[in-house]
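Treat the numbers as computed from the prediction; the structure is a model and nothing was measured.
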Amino acid sequence: GHHSLMLPALLFPLSAAIDLHASIEWQIEAYSAAAPSFLSSKATILDSTQKVLRNGTNGWTCMPANPSGPASEDGVWASAREAAPVCFDAA
């Protein structure tokens, strides 16, 4: 059968990291890291195509700001740092 092990991130094969980083959950966490959690936890989260990943309630928005986009061909960020996330308020 298929077994799942929790391994330190360094041991993941690249494909597992890509699958993980393509997930909505990872993207929300990565882009939210640009602001303190009391702001980002209620912020709207956008992906690199400006698609809403999560609707927020406090007027703040977090999204990746790297103008080059992901380096990898599958369009997935290698890390939160590569995404260069920013959070800002509507004003």
Side-chain angles (χ1 to χ4, degrees):
H2 185 73
H3 296 289
S4 175
L5 294 172
M6 293 301 295
L7 295 171
L10 293 174
L11 298 181
F12 275 123
L14 190 56
S15 60
I18 298 232
D19 291 344
L20 174 67
H21 293 185
S23 75
I24 304 286
E25 294 78 14
W26 184 89
Q27 291 182 75
I28 288 172
E29 192 175 323
Y31 310 155
S32 296
S37 59
F38 73 89
L39 288 176
S40 61
S41 64
K42 305 240 185 346
T44 295
I45 311 294
L46 305 180
D47 71 9
S48 48
T49 67
Q50 313 266 312
K51 189 179 87 186
V52 174
L53 300 178
R54 185 187 75 199
N55 282 302
T57 56
N58 65 357
W60 281 74
T61 300
C62 298
M63 62 181 290
N66 181 338
S68 309
S72 83
E73 290 174 12
D74 48 38
V76 175
W77 301 109
S79 65
R81 187 183 304 145
E82 186 197 13
V86 295
C87 294
F88 50 90
D89 67 2

*asked:* Does any part of the side chain of Ser48, heavy atoms only, come nearer than 4.5 Å to the side chain of Trp77, both counted from C-beta?
replied: yes
Hey, can you pull the donor-acceptor pairs under 3.5 Å for the side chains in residues 38-45, sequence neighbours left out?
unit_1, atom_1, unit_2, atom_2, d
Ser40, OG, Ser32, O, 3.3
Ser40, OG, Pro36, O, 3.4
Ser41, OG, Ser37, O, 2.8
Thr44, OG1, Gly56, N, 2.8

*asked:* If the condition is side chain to side chain donor-acceptor pair (under 3.5 Å), which residues does Thr49 pass it with, not counting sequence neighbours?
replied: Asp47
*Kindly give the cluster partners of Phe88, where membership spreads through any ILVMFWY side chain lying under 4.5 Å from a current member.*
Leu46, Val52, Met63, Val86
*Where do Val76 and Ala22 come nearest, in terms of heavy atoms and distance?*
CG1-N, 3.8 Å
*Can you check whether Pro70's main-chain N or O pairs, donor with acceptor, with Glu82's side chain at less than 3.5 Å?*
no
_Can you tell me how far apart CD (Glu29) and CD1 (Ile24) are? Round to the nearest 0.5 Å._
13.5 Å
*Taking only residues two or more places apart in sequence, or in another chain, which ones meet Pro85 in a side-chain contact (heavy atoms from CB on, under 4.5 Å)?*
Tyr31, Ala34, Ala83
*asked:* Checking Ser68 now: which residues fulfil side-chain contact (heavy atoms from CB on, under 4.5 Å) with it, not counting sequence neighbours?
replied: Asn66
*Would you mind listing every disulfide (SG to SG under 2.5 Å) that reaches into residues 32-86, with sequence neighbours excluded?*
Cys62-Cys87
